[in-house]
Engineer: 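Take this structure first; my questions come after.
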Amino acid sequence: MKSHSSWTWIPSLYFAEGLPFVAVMTLSVIMYKRLEVSNTDIALLTSWLYFPWVIKPLWSPFVDLIKTKRWWIYVMQLLIGGGMAGIAFVLPGDFFLQATLAFFWLMAFSSATHDIAADGFYMLGLTEDQQAFFIGIRNTFYRIAMITGQGLLVMLAGFLEKSTGKIPFAWSIVFFILAGTFVGLSMWHKYILPRPVEDAPRLNVTPSVILVEFFKTFASFFQKKGVIPALLFMLTFRLGESQLVKLASPFLLDGREVGGLALSTGQVGFAYGTVGVIALLLGGILGGMAIARNGLKHWLWPMALAISLPNLVYLYMAYAMPENIFIINGCVAIEQFGYGFGFTAYTMYLMLFAEGEYKTSHYAISTGFMALGMMLPGMISGWIQEQIGYQHFFVWVMICCLPVFFVLPFLKFKD
């Protein structure tokens, strides 16, 4: 395989990895809010969609066993496209909530499986030098997918809402566009992806052997030194963020009579999909540079503060109720920059904790606990907000930022 051919599939592969995750986690929240679903139901139902990422390590060995990673990639992309087309078809109907959730579940499981195959194929299809070179490229196109999903598509939905006056129809068009995109990506990757010799079904390995190895790997994870503080860290580091992320868009969209800022769909798309993502990227880049320069031990506490303190901007907005769109965008940028900068410590710690004989599997298990830490608090966040209102809810979010600081002194890792 010629090295330059990697440019024909790595950008599109990681764009395809990021877009369904954004659709499941962010587009669904905004769409349901515009369709007048309650905050309690939005937070509960969309948080459940994290579940495939929570249990992703459980079926990752079988992606290695059955077929090739190349096959899994284009088939999962076709299924994701089918799920998006299903959402587009059922949105105008009376039972849109139940029907769209079924298709979101299909997308979530397909997307989690696609993540396993894509990340595995990346390591098989490239030399170690190429892997190092393209790491920034793949991350960049994953972020471009975020800008597309959280920004451009939300702004398109806002434009269609205004021009047609039909909210379900507007979102149907958005998901039809997404469906067509993924059918095209599936066809492209079936044609363009290389065929590494190593990407072959493991014919000499039976499912029983895989299961034995899996349980051995899983058991060794819980035998690692310092596993209890590590698990508490994984579950508490994003405790505030896990609830904020489910109510941030509803807060911006809700009317002022119920404590929201009454922004349009397009304004929310611009705030989160452009200004917010740019700030998130800058925070992540600076966070990576900081850790590379001084090490994680030096930056762990500052980064924990960085992911927590900027949440105060929502507390400010809930009480000040600013009408100036530049102030609102500035607040979103501050929170997203802090999140990008602080989250670097989280991912770096997971990589360090995973070091050892089963590095890849242990990292996958760690990301499962990360998703669990997002799912469980997120499920009840909408109910909490509707009981106490936006102002007190954002006070609650700040309180939820505290537990991790009781865990940090007990973390042990090599720097």
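Excluded from the calculations below are hydrogen atoms, water molecules and symmetry mates; all remaining heavy atoms, backbone and side chain alike, are included. In what follows, residues are counted from 1 in the order of the sequence shown.
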Engineer: Is the distance between the ring centroids of F21 and W53 under 6.0 Å?
Structural biologist: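 Here the rings of W53 and F21 have centres that are less than 6.0 Å from each other.
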Engineer: Can you tell me how the ring of F251 sits relative to the ring of F394, calling it parallel under 30°, perpendicular over 60° and tilted otherwise?
Structural biologist: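 Because their plane-to-plane angle is over 60°, the rings of F251 and F394 count as perpendicular.
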Engineer: Nearest 0.5 Å please: distance from the CD1 atom of I147 over to the CG atom of L280.
Structural biologist: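 Reported value, rounded in 0.5 Å steps: 9.5 Å.
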Engineer: Evaluate the ring pair (Phe, Tyr, Trp, His ring centres under 6.0 Å) criterion for residues F103 and F89: first the C-alpha distance (whole Å), next the side-chain angles of each, then the deciding distance (0.1 Å), finally the verdict.
Structural biologist: CA-CA 11 Å; F103 285 113; F89 275 117; 8.9 Å; no
Engineer: For K246 and N39, does a side-chain donor sit closer than 3.5 Å to a side-chain acceptor?
Structural biologist: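 There is no such pair (donor and acceptor under 3.5 Å, judged by atom type) between the side chains of K246 and N39.
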Engineer: Assess the residue pair Y32 and D41 against the criterion (side-chain hydrogen bond (donor to acceptor under 3.5 Å, both in side chains)); give the C-alpha distance rounded to whole Å, side-chain angles, the decisive distance to 0.1 Å, and a yes or no.
Structural biologist: CA-CA 9 Å; Y32 286 141; D41 288 342; over 6 Å; no
Engineer: Hey, could you give me the NE2/CD distance between H392 and Q385, rounded to the nearest 0.5 Å?
Structural biologist: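 If we round to the nearest 0.5 Å, H392:NE2 and Q385:CD are 12.0 Å apart.
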Engineer: Can you tell me if T265 uses its side chain to pair, donor with acceptor, with the backbone of G158 under 3.5 Å?
Structural biologist: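 The answer is no, because no donor-acceptor pair under 3.5 Å joins these two groups.
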Engineer: Check whether any side-chain heavy atom of H189 lies under 4.5 Å from a side-chain heavy atom of I192, and answer yes or no.
Structural biologist: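 A side-chain contact under 4.5 Å exists here.
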Engineer: So does I384 get a backbone contact from the side chain of Q387, meaning a donor-acceptor N/O pair under 3.5 Å?
Structural biologist: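 No; judged by distance alone, with no hydrogens or angles, the pair does not exist.
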Engineer: Mind checking whether Y314 and Y319 have ring centres under 6.0 Å apart?
Structural biologist: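 No, the ring centres sit 6.0 Å or more apart.
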Engineer: Under a 3.5 Å cutoff, is there a donor and acceptor pairing between the side chains of Y339 and R238?
Structural biologist: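 Yes, R238 and Y339 have a side-chain donor paired with an acceptor closer than 3.5 Å.
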Engineer: On the ring face of W72, is K69 found with NZ or CZ under 6.0 Å from the centre and within 45° of the axis?
Structural biologist: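 Checked: cation-pi criterion not met.
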Engineer: Would Y349 and F233 count as a close aromatic pair, with their ring centres under 6.0 Å?
Structural biologist: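 Close enough - the centres of the two rings lie under 6.0 Å apart.
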Engineer: Are Y346 and F343 near enough that their ring centres are under 6.0 Å apart?
Structural biologist: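 That pair passes the under 6.0 Å test.
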Engineer: For the aromatic rings, using the six-membered ring if either is Trp, is the centroid distance between Y74 and W188 under 6.0 Å?
Structural biologist: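 Not close enough - the centres of the two rings lie 6.0 Å or further apart.
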Engineer: Given the side-chain rings of F121 and W9, with only the six-membered ring counted for Trp, is the space between their centroids under 6.0 Å?
Structural biologist: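 They qualify: ring centres under 6.0 Å apart.
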